[in-house]
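Input: a single structure, listed below in structure tokens.
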Number of protein chains: 2
Amino acid sequence: MERLPTVLDVGRVAGVSRQTVSNVLNSPEVVRPDTRARVEAAIAELGYRPHASARRLRTRRSSTIGIRLDPMANGISGSVHDRFLHSLTEQADSFGLRIMLFTALDPQDEIRQIRRMHEGSDVDAFVLTSTMFGDPRTEWLVEHGIPFVTFGRPWGIDDMNDPLHRWVDVDGHTGLRLATAHLLAEGERRIAYLGWPSPSGTGDDRRRGWRDEMERASGLSREELDRLDLRVDDGVAEGRETVREAIERGSRFDAIVCASDSLALGALLMVGPDIPVIGYDNTPVAQAVGMSSVEQPLDEVASGVLALIMRPEADVDDIGHRLIEPRLVIRHPRLRPELG
Amino acid sequence: MERLPTVLDVGRVAGVSRQTVSNVLNSPEVVRPDTRARVEAAIAELGYRPHASARRLRTRRSSTIGIRLDPMANGISGSVHDRFLHSLTEQADSFGLRIMLFTALDPQDEIRQIRRMHEGSDVDAFVLTSTMFGDPRTEWLVEHGIPFVTFGRPWGIDDMNDPLHRWVDVDGHTGLRLATAHLLAEGERRIAYLGWPSPSGTGDDRRRGWRDEMERASGLSREELDRLDLRVDDGVAEGRETVREAIERGSRFDAIVCASDSLALGALLMVGPDIPVIGYDNTPVAQAVGMSSVEQPLDEVASGVLALIMRPEADVDDIGHRLIEPRLVIRHPRLRPELG
DNA sequence: TCCCTTGGTTTGATCGTTCAAATAGTCGCT
DNA sequence: AGCGACTATTTGAACGATCAAACCAAGGGA
């Protein structure tokens, strides 16, 4: 393998110094147009590419962002993370950024990994997912002055507007409000909510979306709504069993909105295609079985994350977060076997 | 942010030169044990981490491998790629490697991206997935002497043993043989195969697994087997319709083995839980609906890929590929709604 | 004419590491 | 004692880029 050309080689061909070549690349406006053209021609001729590591060594920044691969890739909802990652990677390029992966066993381990990568100057910003109450990772990052953006808002009391914590999130409250309103408009009245036990930042937010819309427009009493409020940990089997128990307890409902596609699939397997079920995340599973779902616009989330990462620290005028509106995808399931 | 410690700082504390510190890190065996201990103490005391970019600049290698994120068009089966990526990332660490992502629109674009990353010395080896007949990517990589390993064997005639093309793959033939044999052992006889149209390297390999086992042990005639050999492009709806048409044509079968979980889910939605259906990939969907499936041991694939990447070029003794045995996961689906 | 500005370009130094060659220090052998 | 062989460690140089400061013309104003 022959030696790759350097700024020096390009300069030699264009008849300028190495620094001028560097300027053409990094601040073209300071170079006279005709010189610039000559240099660009030389770059094209030699097929020159700046050496990323050399640049990083000098500038002390890597233009690389780290993101942890979600460990629970095996669950249905893993696909949200994957699709987000895809959007992020796709768009990172246009911001001049690269994505580097890592894995971690738990939040403490994640902090250790982040520290390692940061100190090796491999990565200069991080994207965190799955934020939780009093997240130790964000505290640590703020404390150490390492830039980061989270997908998922901080769930502490005052944290939402903390300028040191930049975040992008999808408005789950609106998502469930939309789903519920759609069903009400279709004439359903007793709409159940199948979600996760409290406290759960994301989950409670989604529940409130359902509850607010129901209180506004369903005409059901608070007691009735309480009975339609089903709670269980995430999972297909869990969703199925919880709905079964509710039915056996004598609950009746016209439709179900859910905190996740896993729960929704469980519900759908239980009640069949005649009772509308709306999931959350619009995963491949929802597509596959033709189930309605609330879709998170992950492209928008990704571009929001990247924009916040690139934003200079000093820019205090702009708010440090983006709350993105989800969108309802309506489908008509045909789950019941149609044989014979 | 204060300046991070360098080899020089460590050397100062330990009372040795920078090179000795470097030696402790890279070839500890050349350093006298007591000196080594002193240096290691100093490293720990200062919390020193080598600066990755500086090292890369000097050594002219990045210890980073690039992998393209699959376009998410493939729906359900996308999770295979994701789980593979996860295993790869997890294990890369222990090989001292890092994973960098990129996306591309098509093989030509992928080559362009690879070229860019390689010339920037960002990445020094690539992992390719979804190999195809006469893959332009592998040809290009071989031609340019860029190290790579594919997940998926090369499908050309003589390519399987080409020492320049290192690969890891899962033995789909065995996978379908296992699935078919299991069903035969359970007493099923008329076992259909639902797969993709020929030519398809992976698909044809899997079909032969089914066919070989059926010819060996089912006692059915070739003509009967031909009628049980269903072919359609991947997809849930496609699988469902193909099975429906077969039934309407008068075909009868006791069980179905499939080339993918998407097809299998379609089949399952058509025939219901009383006819066994076995998918391929053991995706989250299969888990969710309780469908049997052939599982690819992605951890083994990942470690095989990494081992081959690390292997020095000269090592011609060892074969340049690994063929890994899949494993059958049996489940009992409960797809039919049990309401009422 | 002389000095000061301004825009464009070049030169010297540096980022943190490792390679290659040079330098001490030890030992054994004649 | 003197020499070569060997081991452990140090020194000089380089990897390829950018920062900061210096340089050089060309103009403009006094």
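Letters A, B, ... are given to chains in the order of the sequence lines, protein chains preceding strands, and every chain is numbered from 1.
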For residues 61-68 of chain B, please give each side-chain donor-acceptor pair under 3.5 Å, one per line with the distance, not counting sequence neighbours.
unit_1  : atom_1 : unit_2   : atom_2 : d
B:Ser62 : OG     : B:Thr64  : N      : 3.2
B:Ser62 : OG     : B:Asp122 : O      : 3.1
B:Ser62 : OG     : B:Asp124 : N      : 3.2
B:Ser62 : OG     : B:Asp124 : OD2    : 3.3
B:Thr64 : OG1    : B:Ser62  : O      : 3.0
B:Arg68 : NH1    : B:Glu110 : OE1    : 3.4

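Between D:dC15 and B:Arg60, no contact under 4.0 Å exists linking OP1 or OP2 to a side-chain N or O. The shortest distance between the side-chain N/O atoms of A:Asn23 and the OP1/OP2 oxygens of C:dG8 is not below 4.0 Å.
Here C:dG8 presents its P atom at 10 Å from CG of A:Asp34, a figure rounded to the nearest Å.
Contact annotation for A:Thr35: backbone-only contact, meaning every heavy-atom pair under 4.0 Å involves sugar-phosphate atoms and none involves a base. Note on A:Ser121: nothing from the nucleic acid sits closer than 4.0 angstrom, heavy atoms only. No engagement by A:Arg61 is indicated, since no non-hydrogen atom pair under 4.0 Å with the nucleic acid exists.
Among D:dA17, C:dG8, C:dT18, the nucleotide with an atom closest to any side-chain atom of A:Arg32 is C:dG8. The side chain of A:Arg58 lies closest to D:dA17 when the candidates are C:dG16, C:dT18, D:dA17.
Using a 4.0 Å cut-off on heavy atoms, the residues of residues 5-19 of chain A that approach DNA chain D are A:Thr6, A:Val7, A:Arg18, A:Gln19, listed by number.
Closest non-hydrogen pair, A:Pro28 versus A:Arg36, comes out as O-NH1, 2.6 Å.
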Which is it for A:Asp93 and B:Arg116 under the side chain to side chain contact (heavy atoms under 4.5 Å, CB included) test, yes or no, and what are the steps along the way?
CA-CA 12 Å; A:Asp93 205 49; B:Arg116 243 175 40 133; 2.9 Å; yes

Set out, line by line, the N/O atom pairs under 3.5 Å between protein and nucleotides 4-7 of chain D.
none

